[in-house]
Amino acid sequence: MNGRGPPRGGPGRRVRKAEEKAPRSPPAPARGYVRHAFPHTWRSPYGVLTENSVPGTKVYGERLFMHEGKELRTWNPRRSKLGAIAILGSNALKFEGNETILYLGAASGTTVSHLSDIVAGGSVVAVEKSIRSFRDLLNVARMRRNIHPVLSDARETDTLVPIIPGGADMVYQDVAQRDQAQIFLDACDRFLKPGGLGVLMVKARSITVSRDTKEVFDEVEGQLRDSGLKVWERKNLEPFEADHVAMVVNRP
Ligand SMILES: C[S@@+](CC[C@H](N)C(=O)[O-])C[C@H]1O[C@@H](n2cnc3c(N)ncnc32)[C@H](O)[C@@H]1O
């Protein structure tokens with residue numbers, strides 16, 4: 001990526017204005033775009049992109065490109081830890097495209113918006129406790145029919161029971177709290193369906209600043225195993241995020 005946009009005749013046409021929804025002529029020959037392992041997701045010379053489920057709209061200033069008649073949104077790995085995983089690759093994290101995802105720590109909806117593209121046939125229940133972030137999240141959810149925003153502390157699992165009565169195929173958490181592992185375990189215990197996947201973004205510095213990060217990650221991994229979850233992967237997010245790992249678990 002050189003930050004100057006695609007070269008002429010390059011792989012796809014850049015959408016310069018949000019209102020430009022579709023090309024007037026067929027898009028340029030598809031060179032350099034390959035499908036990603038995640039549904040509705042592509043790799044390209046411009047990074048990983050998801051198919052925009054609301055063409056013509058942006059969520060956080062991402063760039064829009066046309067490819068094979070679809071509008072694609074760039075996914076910034078420095079703004080989204082899942083975006084970092086999408087670039088780095090994962091052996092354990094998989095999507096079918098129709099999952100119900102419980103997302104704890106939705107913030108303004110950056111990652112949630114890409115997940116909503118990926119699970120276009122499913123839904124994302126997005127929980128956020130900060131009113132300020134929740135306002136932005138509401139604006140994202142207004143445009144996207146498969147995002148269900150919930151203003152709540154992720155620890156208050158009773159609030160969520162009526163919203164996901166059938167449970168979740170995936171629990172995704174990114175809350176940067178000291179008790180982040182316990183919040184995740186409680187949510188998985190209550191909502192994750194057997195066979196479902198859990199993704200815990202562990203921020204070591206939110207748990208303690210006085211201990212070695214590896215020791216903190218080992219301890220969290222031990223907690224997850226002791227609770228009966230199977231830890232499939234422990235993914236370092238560098239160079240995009242320091243002192244973070246993603247734990248990908250499965251509920252047997
Ligand atoms: C690192 S940011 C999340 C970024 C977001 N996951 C993304 O990729 O777009 C952490 C968010 O978790 C929220 N949060 C922290 N503790 C929480 C809790 N107990 N319940 C719900 N949200 C919480 C914070 O308000 C903040 O918006």
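Start at 1 and go down the list; that is how both ligands and their atoms are numbered. Only this structure's heavy atoms are used, side chains among them; waters, hydrogens and symmetry mates stay out.
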Lys81 heavy atoms within 4.0 Å reach ligand 1 at atoms 1 (C)
Does Val245 share a hydrophobic cluster with Phe240, counting links as ILVMFWY side-chain heavy atoms below 4.5 Å and allowing steps through other members? no
Partner of Asp243 under salt bridge (charged side-chain N to carboxylate O under 4.0 Å, His left out), chosen from Arg205, Lys214, Lys203, Lys81: Arg205
Quick test: of every protein heavy atom, which one is nearest to atom 10 (C) of ligand 1, and how far off is it to 0.1 Å? Asp174 O, 3.2 Å
May I ask you to identify the nearest protein heavy atom to atom 3 (C) of ligand 1, giving residue, atom name and distance to one decimal place in Å? Gly105 O, 3.3 Å
Give the intermediate values and the outcome of side-chain contact (heavy atoms from CB on, under 4.5 Å) for residues Asn236 and Phe217. CA-CA 10 Å; Asn236 191 308; Phe217 295 144; 6.0 Å; no
Please check: side-chain N/O of His36 versus main-chain N/O of Ala86, any donor-acceptor pairing under 3.5 Å? yes
Looking at the rings of Trp75 and His114, which for Trp means the six-membered one, are their centres under 6.0 Å apart? yes
Could you tell me whether Glu51 and Arg35 have a side-chain N and a carboxylate O separated by less than 4.0 Å? yes
What do we get for Ala154 next to ligand 1 when only non-hydrogen atoms under 4.0 Å count, side chain, backbone, both or neither? both
With heavy-atom distances below 4.0 Å as the criterion, list the atoms of ligand 1 near Asp153. 18 (C), 19 (N), 20 (N)
Under a 4.0 Å N-O cut-off, is there an ion pair linking Arg234 with Asp218? yes
Atom indices of ligand 1, in the order listed, that fall short of 4.0 Å to a heavy atom of Ser130: 25 (O)
Please identify which atoms of ligand 1 are closer than 4.0 Å to at least one heavy atom of Ala107. 3 (C), 4 (C), 5 (C), 27 (O)
Work out whether the distance between some heavy atom of Ser152 and some atom of ligand 1 is less than 4.0 Å. yes
For the residue pair Tyr172 and Tyr103, categorise the inter-ring angle as parallel (less than 30°), tilted (30 to 60°) or perpendicular (more than 60°). parallel
Main chain of Ser130, side chain of Glu128: is a donor-acceptor contact present, judged purely on distance under 3.5 Å? yes
Atoms of ligand 1, numbered as shown, that sit under 4.0 Å from any heavy atom of Arg155: 19 (N)
Would you say Tyr172 and ligand 1 have an N/O pair spaced under 3.5 Å apart? no
In the protein, which heavy atom is nearest to atom 16 (N) of ligand 1, and how far is it? Gln177 NE2, 2.8 Å
Which option wins on minimum heavy-atom distance to atom 24 (C) of ligand 1: Arg178, Lys129, Glu128? Glu128
Starting from atom 7 (C) of ligand 1, what is the nearest protein heavy atom, named by residue and atom, and what distance separates them? Thr111 OG1, 3.3 Å
Ligand 1 atoms nearer than 4.0 angstrom to some heavy atom of Tyr103 are 5 (C), 6 (N), 7 (C), 8 (O)
